[in-house]
Chemist: 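Encoded as structure tokens, here's the structure I'll be asking about.
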Amino acid sequence: MTSTIKQFLVLGKNGQLGQSLQKVLTDQKISGVSFAFYGREAIDLSEPETVLSFLQSRQVDGIINCAAYTHVDQAEQDAELADRINHQSVHELAQFCQSQDIPLVHISTDYVFDGNQIGAYREHDLPNPINQYGTSKLKGEQAIHALSPPGCIIRTSWVHSEYGRNFIKTMQKIGLSKPQLDVVFDQVGSPTYATHLAKAILHMLQHPAFSSCQSELFHFSNEGVTSWYDLAFQIFKQPKSPNVFLSPISTDQYPTPAQRPLYTVLDSRKFCHWFDYAIPNWLEGVEECLNHLKPVTSLSTTPSSQDQ
């Protein structure tokens with residue numbers, strides 16, 4: 001590597017977005033930029049006190065933070081752990097980037113909202129998380145805004161991919177053993193294919209407008225709106241999917257440890273305007289994801305609470 005090549009550290013290499021970025025970068029290169037991917041084995045964000053020493057030992061010209069504690073229900077009991085990963089370590093990342101005057105691209109979530117709004121959420125709408133996961137992610141955002149390093153925060157929603165743990169893969173596995181599934185119909189949002197988000201991030205890094213970002217806040221999700229029930233319907237209508245009868249139920253019929261917002265549709269127009277970008281519809285993302293998934297033959301799952 002020559003000194004003219006900037007190196008972005010990507011944290012969370014084993015998560016959905018981290019793996020999707022690696023996949024996209026096998027075919028797409030960015031001139032003058034290299035990417036070094038790190039997972040929990042190299043930098044464990046559950047130990048915020050180790051973040052600075054890790055960063056100081058490497059060439060860092062920018063950070064993309066895809067790592068997070070993402071297990072929404074478990075966060076109700078593991079609130080301290082979620083806070084260390086989603087808030088305290090993010091503060092350390094922001095402090096380092098601010099001191100070095102280098103960009104931080106941080107991924108946040110639609111769950112910073114309470115879901116009571118009528119109409120898609122825009123960046124200026126007031127957050128009001130209703131569970132510990134959303135609270136920890138909002139505190140991470142606030143830490144970045146307080147320090148205001150170069151770069152941006154990208155809120156996204158309902159992320160799915162051929163990697164890791166997500167709704168699409170869970171539905172396919174459960175469908176192997178259950179001919180009928182109850183799926184919530186009154187939680188509404190926009191499924192986001194991690195590969196589409198990865199491509200958008202790489203496009204953003206190359207756009208002239210990115211250099212003017214100073215902790216700028218953007219929303220990014222695939223276009224269109226759906227419910228968990230309608231998303232499941234799309235999954236099981238595919239030719240290779242299990243034959244499953246779906247029954248719509250309301251949120252109060254499916255109690256979970258963490259309360260879920262009923263409506264978290266994100267308005268992504270600001271991202272599209274700033275970076276001259278067209279976002280695909282969520283149906284395109286689901287179809288593309290399913291085409292990349294191998295046929296499901298096993299019921300085994302190994303869920304992780306940390307996408308690092």
Side-chain angles (χ1 to χ4, degrees), residues 14-28 66 70-73 109-111 120 156-201 220-251 253-254 256 260 262-266 268 278-304 307:
N14 300 314
Q16 294 192 79
L17 181 56
Q19 293 190 70
S20 296
L21 277 166
Q22 293 173 75
K23 178 185 71 173
V24 173
L25 282 168
T26 60
D27 300 319
Q28 176 181 341
C66 308
T70 58
H71 199 303
V72 177
D73 286 324
T109 175
D110 57 331
Y111 273 29
T156 191
S157 63
W158 295 25
V159 177
H160 64 88
S161 68
E162 53 268 41
Y163 310 110
R165 168 180 53 85
N166 58 69
F167 182 81
I168 290 180
K169 294 176 71 175
T170 298
M171 285 292 100
Q172 286 191 321
K173 289 176 180 178
I174 296 176
L176 290 174
S177 62
K178 294 186 177 181
Q180 178 173 339
L181 291 176
D182 296 333
V183 184
V184 170
F185 74 89
D186 58 352
Q187 292 178 30
V188 177
S190 300
T192 303
Y193 184 36
T195 295
H196 290 169
L197 176 55
K199 290 179 177 179
I201 290 172
F220 183 97
S221 63
N222 277 117
E223 290 296 314
V225 179
T226 191
S227 69
W228 291 119
Y229 173 82
D230 289 320
L231 174 54
F233 180 82
Q234 290 298 323
I235 295 168
F236 290 116
K237 74 181 289 187
Q238 303 300 315
K240 296 181 181 180
S241 295
N243 186 20
V244 176
F245 177 79
L246 297 176
S247 178
I249 61 171
S250 61
T251 296
Q253 293 177 282
Y254 188 74
T256 55
R260 261 68 168 182
L262 295 182
Y263 181 91
T264 58
V265 176
L266 299 178
S268 302
I279 304 175
N281 187 273
W282 71 268
L283 285 166
E284 295 178 51
V286 170
E287 182 176 355
E288 190 173 336
C289 178
L290 289 170
N291 287 337
H292 282 89
L293 279 172
K294 297 179 181 178
V296 179
T297 59
S298 171
L299 296 176
S300 64
T301 57
T302 54
S304 169
D307 289 335

Chemist: Who pairs with Phe220 by ring-ring contact (aromatic ring centres under 6.0 Å, His included), at least two apart in sequence or on another chain?
Modeler: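 Phe220 satisfies ring-ring contact (aromatic ring centres under 6.0 Å, His included) with Phe271 once adjacent residues are dropped.
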Chemist: Main chain of Gly164, side chain of Lys169: is a donor-acceptor contact present, judged purely on distance under 3.5 Å?
Modeler: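 Confirmed, Lys169 side chain pairs with Gly164 backbone.
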Chemist: Decide yes or no for Arg260 and Val72: does some side-chain heavy atom of the first lie under 4.5 Å from some side-chain heavy atom of the second?
Modeler: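 The answer is yes; the side chains approach within 4.5 Å.
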Chemist: Is Ser221 reaching over with its side chain to a backbone N or O of Ser190, donor-acceptor style, under 3.5 angstrom?
Modeler: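 Absent.
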Chemist: Compare all side-chain heavy atoms of His292 with those of Tyr193 and state whether any distance is below 4.5 angstrom.
Modeler: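 Yes - at least one pair of side-chain heavy atoms lies under 4.5 Å apart.
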Chemist: Would you say the side-chain atoms of Asn222 pair up with the backbone N or O of Gly285, donor to acceptor, closer than 3.5 Å?
Modeler: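 No, the answer is negative, given that no donor and acceptor are paired below the 3.5 Å cut-off.
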Chemist: Sorted by first residue and then second, give each side-chain hydrogen bond (donor to acceptor under 3.5 Å, both in side chains) pair with at least one member in residues 225-237; sequence neighbours left out.
Modeler: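 Of all non-adjacent pairs touching residues 225-237, those that pass side-chain hydrogen bond (donor to acceptor under 3.5 Å, both in side chains) are Gln187-Trp228, Ser227-Asp230.
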Chemist: Check the pair Arg165 / Thr70 against side-chain contact (heavy atoms from CB on, under 4.5 Å), numbers first and verdict last.
Modeler: CA-CA 10 Å; Arg165 168 180 53 85; Thr70 58; 3.2 Å; yes
Chemist: Got a sec, which residues hit side chain to side chain contact (heavy atoms under 4.5 Å, CB included) with Ser250, two or more places apart in sequence or on another chain?
Modeler: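 Here the qualifying residues are Phe185, Asp186, Asp252, Gln253.
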Chemist: Counting N and O atoms only, with roles assigned by atom type, does the side chain of His196 sit under 3.5 Å from a partner on the main chain of Thr192, one being a donor and the other an acceptor?
Modeler: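 Judged by distance alone, no pair lies under 3.5 Å.
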Chemist: Going by salt bridge (Lys or Arg N to Asp or Glu O under 4.0 Å), name the residues that satisfy it together with Asp182, two or more places apart in sequence or in a different chain.
Modeler: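 Salt bridge (Lys or Arg N to Asp or Glu O under 4.0 Å) check on Asp182 returns nothing, list empty.
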Chemist: Counting distance only, does the side-chain N/O of Gln16 pair as donor-acceptor with the main-chain N or O of Ser161 below 3.5 Å?
Modeler: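 Here the side-chain-to-backbone pair exists.
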Chemist: Going by heavy atoms in the side chains, are Phe167 and Val183 under 4.5 Å from each other?
Modeler: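 Yes, close enough: below the 4.5 Å cut-off.
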Chemist: Do the side-chain N and O atoms of Asp110 and Ser157 include a donor-acceptor pair separated by under 3.5 angstrom?
Modeler: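 Their side chains do not contain a donor-acceptor pair, so the 3.5 Å distance test is not met.
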Chemist: With sequence neighbours excluded, tell me which residues meet salt bridge (Lys or Arg N to Asp or Glu O under 4.0 Å) with Glu162.
Modeler: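 With neighbours one apart ignored, the set is Lys23.
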Chemist: Does Leu25 have any side chain to side chain contact (heavy atoms under 4.5 Å, CB included) partners at least two apart in sequence or in another chain, and if so, which?
Modeler: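 If we apply the side chain to side chain contact (heavy atoms under 4.5 Å, CB included) test to Leu25, skipping adjacent residues, the hits are Phe35, Phe37, Leu202.
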Chemist: For a quick test of reading the model, state the closest non-hydrogen atom pair linking Leu21 to Cys66 and the distance between them.
Modeler: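 So the minimum-distance heavy-atom pair works out to CD1-SG, 3.8 Å.
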